[in-house]
**Student:** 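Got a structure for you, questions after.
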Protein chains: 2
Amino acid sequence: MNKTVQRTVIFEELHGVKIHPTADEVYAMARKRMPNISIATVYRNLETMATNGDILRLDIAGKRRRYDADLSKHYHLRCRSCGGVSDISQAAISQVTQKLEKLKGVSGIEGYSLEFRGICEHCQNGEVK
Amino acid sequence: MNKTVQRTVIFEELHGVKIHPTADEVYAMARKRMPNISIATVYRNLETMATNGDILRLDIAGKRRRYDADLSKHYHLRCRSCGGVSDISQAAISQVTQKLEKLKGVSGIEGYSLEFRGICEHCQNGEVK
DNA sequence: ATTCTTTTTGATAATGATTACTATTACTAG
DNA sequence: CTAGTAATAGTAATCATTATCAAAAAGAAT
Ligand SMILES: [Mn+2]
Ligand SMILES: [Mn+2]
Ligand SMILES: [Zn+2]
Ligand SMILES: [Zn+2]
């Protein structure tokens, strides 16, 4: 992992925002400091950083991929209208959801999805799919 | 919503399997009964049925979209290795997860994702993004 | 500092899933 | 049956992401 100006700019720009930007949005931010940076460089580095655990990759439900420089454990609220992502702290999550159920009209929260990840029975047994 | 043979075939094929197929997989199944059916027809009808609430659309984490004819409330296990989806009943879910944490080696479950859906503060206030 | 080796970049092409388009065909009400 | 509407087959377009690759930059070794 060599140090490059591009890498630094991408990392810093991602750290400077709270909007959980897409690659395109990071690209737009980076271009202001580095007009010749390539969109491919942005995609490539965001993926590398995410793989290395330096940033979070937010892969959700058919929408564009977003990235998060905040590595602390927390949850996200995705807006059905604008597609944006905002944070929900882990500490607040259970309290919030219980209260939200009772406070109608105060919040737009409409539901949540729970997805388990792992290795299925077939793969555990080495069967071909 | 007219009745068409294609619609019936797609619906029946989806009901006949437990694998939560992708559009491609439904297409492959449907072709056996109707060799000239178009992939576009499969995509179109699966989307329409999902929108109408006749089937479930399983949009998960950057993977291909899958569909489920089982409308009962239940959860899914997605395999990291093959990408397949299998069911977890709602009744079993909390018991299972607690027990799985203690039974190492017996299950491949490695984590889960929780995503909230709703309208964010900005959109609730009618602000442009 | 100079050369060599490896990594990274920028530009662009390719990919792959989904969606859009359109002329033709199938439904369905009357 | 016929007119009017909806759906289909075939294919093109879209769009986010990946892949490719020659040129440039970074790091290591002299
Ligand atoms: Mn976050
Ligand atoms: Mn299911
Ligand atoms: Zn919003
Ligand atoms: Zn599997």
Side-chain angles (χ1 to χ4, degrees), chain A residues 1-14 19-52 54-68 78-80 82-85 129, chain B residues 1-14 19-52 54-68 78 82-85 129:
Chain A
M1 270 287 269
N2 293 343
K3 249 168 233 170
T4 67
V5 195
Q6 290 86 343
R7 204 107 76 188
T8 305
V9 168
I10 291 166
F11 191 72
E12 287 179 356
E13 288 301 318
L14 184 60
I19 63 163
H20 307 81
T22 62
D24 263 357
E25 290 168 339
V26 174
Y27 176 55
M29 299 187 292
R31 288 186 83 178
K32 292 179 182 168
R33 289 172 57 182
M34 195 171 210
N36 291 331
I37 195 171
S38 165
I39 180 73
T41 299
V42 174
Y43 267 103
R44 200 187 314 115
N45 279 290
L46 287 173
E47 282 307 293
T48 304
M49 292 177 197
T51 300
N52 293 351
D54 300 323
I55 64 174
L56 292 180
R57 186 181 5 229
L58 306 183
D59 259 335
I60 322 182
K63 301 286 180 174
R64 306 190 54 181
R65 184 171 296 162
R66 290 173 177 274
Y67 299 90
D68 191 350
R78 175 167 291 251
C79 178
R80 166 167 52 78
C82 70
V85 172
K129 209 220 153 191
Chain B
M1 271 286 270
N2 292 344
K3 250 167 232 168
T4 66
V5 196
Q6 289 87 342
R7 202 109 75 190
T8 305
V9 168
I10 291 167
F11 190 72
E12 287 179 356
E13 289 301 319
L14 184 61
I19 63 163
H20 308 81
T22 62
D24 263 356
E25 289 169 340
V26 174
Y27 176 55
M29 299 187 292
R31 289 185 82 176
K32 292 179 180 167
R33 290 171 58 182
M34 195 170 210
N36 290 331
I37 195 172
S38 166
I39 181 72
T41 300
V42 174
Y43 268 102
R44 199 189 318 112
N45 279 290
L46 288 173
E47 282 306 294
T48 304
M49 292 176 197
T51 300
N52 293 351
D54 300 322
I55 64 174
L56 292 181
R57 184 181 5 227
L58 305 184
D59 260 335
I60 322 182
K63 302 286 181 173
R64 303 192 55 180
R65 184 172 296 163
R66 290 172 178 273
Y67 299 90
D68 191 349
R78 176 167 291 250
C82 70
V85 172
K129 205 212 154 196

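Quick note on labels: first sequence line is chain A, next is B, and so on, each numbered from 1. Note that the structure is a prediction, hence the values are computed from the model and not measured.
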**Student:** Among dT7(C), dA11(C), dT9(C), find the nucleotide with the atom closest to the side chain of Thr4(A).
**Tutor:**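 Nearest to the side-chain atoms of Thr4(A), counting from C-beta on, is dT9(C).
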
**Student:** Which of the following nucleotides, dA20(C), dT8(D), dT9(C), is nearest to the side chain of Gln6(A)?
**Tutor:**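 Of the candidates, dT9(C) comes closest.
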
**Student:** Please report the distance, rounded to the nearest Å, between CZ in Arg66(A) and P in dT17(D).
**Tutor:**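 The distance from CZ of Arg66(A) to P of dT17(D) comes to 10 Å, rounded to the nearest Å.
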
**Student:** What is the distance, to the nearest angstrom, from the CZ atom on Arg64(B) to the P atom on dG16(C)?
**Tutor:**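 Spelled out: CZ on Arg64(B) to P on dG16(C) is 10 Å.
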
**Student:** Any carboxylate oxygen within less than 4.0 angstrom of a Lys/Arg side-chain nitrogen, looking at Asp68(A) and Arg57(A)?
**Tutor:**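 The answer is no: the pair does not qualify as a salt bridge.
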
**Student:** Salt bridge check: are Arg65(A) and Glu47(A) linked by an N-O gap of less than 4.0 Å?
**Tutor:**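 Salt bridge present between Arg65(A) and Glu47(A).
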
**Student:** Answer yes or no: does a side-chain N or O of Ser38(A) lie under 4.0 Å from OP1 or OP2 of dA11(C)?
**Tutor:**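 Answer no for this pair, as no side-chain N or O of Ser38(A) is under 4.0 Å from OP1 or OP2.
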
**Student:** Could you please name the option among dC27(C), dA26(D), dT9(C) that lies closest to any side-chain atom of Val5(B)?
**Tutor:**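 Of the options given, the side chain of Val5(B) lies nearest dC27(C).
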
**Student:** For Asp24(B), which contact category applies under a 4.0 Å heavy-atom criterion: base, sugar-phosphate, or nothing?
**Tutor:**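 Since no nucleic acid heavy atom lies under 4.0 Å of Asp24(B), the category is nothing.
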
**Student:** Using a strict 4.0 Å threshold on nitrogen-to-oxygen distance, state whether Glu25(A) and Arg64(A) make a salt bridge.
**Tutor:**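 The answer is no: the pair does not qualify as a salt bridge.
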
**Student:** dA11(C) C1' sits how many Å from Arg31(A) CZ, rounded?
**Tutor:**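 Rounded to the whole Å, the gap is 13 Å.
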
**Student:** Nearest of dA7(D), dA26(D), dT12(C) to any side-chain atom of Ile39(A)?
**Tutor:**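 The nucleotide sitting nearest to the side chain is dT12(C).
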
**Student:** Give the nucleotide from the list dT17(D), dT9(C), dT8(C) with an atom nearest to the side chain of Arg65(A).
**Tutor:**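 Per side-chain heavy atoms of Arg65(A), the pick is dT17(D).
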
**Student:** What is the distance, to the nearest angstrom, from the CG atom on Leu58(A) to the C1' atom on dA16(D)?
**Tutor:**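 Computing the Leu58(A):CG to dA16(D):C1' distance gives 16 Å.
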
**Student:** Side chain of Arg7(B) only, please: which of dT9(C), dT12(C), dA7(D) is the nearest?
**Tutor:**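 In terms of side-chain proximity for Arg7(B), the closest of dT9(C), dT12(C), dA7(D) is dA7(D).
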
**Student:** So among Asn45(A), Leu46(A), Ile39(A), which one has a side chain to side chain contact (heavy atoms under 4.5 Å, CB included) with Tyr43(A)?
**Tutor:**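 Only match with Tyr43(A) under side chain to side chain contact (heavy atoms under 4.5 Å, CB included): Ile39(A).
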
**Student:** Picking from dG10(C), dA7(D), dT8(C), which would you name as closest to the side chain of Ile37(A)?
**Tutor:**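 Out of dG10(C), dA7(D), dT8(C), the nucleotide with an atom closest to Ile37(A)'s side chain is dG10(C).
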
**Student:** Can you tell me if the side-chain N/O atoms of Asn2(B) get under 4.0 Å from OP1 or OP2 in dT8(D)?
**Tutor:**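 For Asn2(B), the contact criterion (side-chain N or O under 4.0 Å from OP1 or OP2 of dT8(D)) is not met.
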
**Student:** Met1(B) has an atom CE; how far is it from atom P of dT28(C), in whole Å?
**Tutor:**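 My rounded result for the distance is 11 Å.
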
**Student:** Apply the test side-chain contact (heavy atoms from CB on, under 4.5 Å) to residues Phe11(B) and Ile55(B): give CA-CA distance (whole Å), side-chain angles for both, the deciding distance (0.1 Å), then the verdict.
**Tutor:** CA-CA 9 Å; Phe11(B) 190 72; Ile55(B) 64 174; 4.0 Å; yes

**Student:** In whole angstrom, what separates Leu46(A)'s CG from dT18(D)'s P?
**Tutor:**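 Between P of dT18(D) and CG of Leu46(A): 11 Å.
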
**Student:** With respect to the side chain of Lys3(A), which nucleotide from dA9(D), dG27(D), dG10(C) is positioned closest?
**Tutor:**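 The listed nucleotide nearest to Lys3(A)'s side chain is dG27(D).
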
**Student:** Run the numbers on Glu13(B) and Arg31(B) for salt bridge (charged side-chain N to carboxylate O under 4.0 Å, His left out), then give the verdict.
**Tutor:** CA-CA 10 Å; Glu13(B) 289 301 319; Arg31(B) 289 185 82 176; over 6 Å; no

**Student:** Return the value, rounded to whole Å, for the distance between atom CG of Asn36(B) and atom P of dT11(D).
**Tutor:**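 Value for this atom pair: 12 Å.
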
**Student:** Of the options dG10(C), dT19(C), dT11(D), whose atoms approach the side-chain atoms of Tyr43(B) most closely?
**Tutor:**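 Of the options given, the side chain of Tyr43(B) lies nearest dT19(C).
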
**Student:** Considering just the side-chain nitrogens and oxygens of Asn45(A), establish if one lies under 4.0 Å of OP1 or OP2 belonging to dT9(C).
**Tutor:**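 Indeed, a polar side-chain atom of Asn45(A) lies that close.
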
**Student:** For Ile10(A) and dG10(C), give me the distance from atom CD1 to atom C1', rounded to whole Å.
**Tutor:**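 Checked: the CD1 to C1' distance equals 12 Å.
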
**Student:** Regarding Arg44(B), tell me which of base, sugar-phosphate or nothing describes its non-hydrogen contacts under 4.0 Å with the strands shown.
**Tutor:**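 Since a base atom lies under 4.0 Å of Arg44(B), the category is base.
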
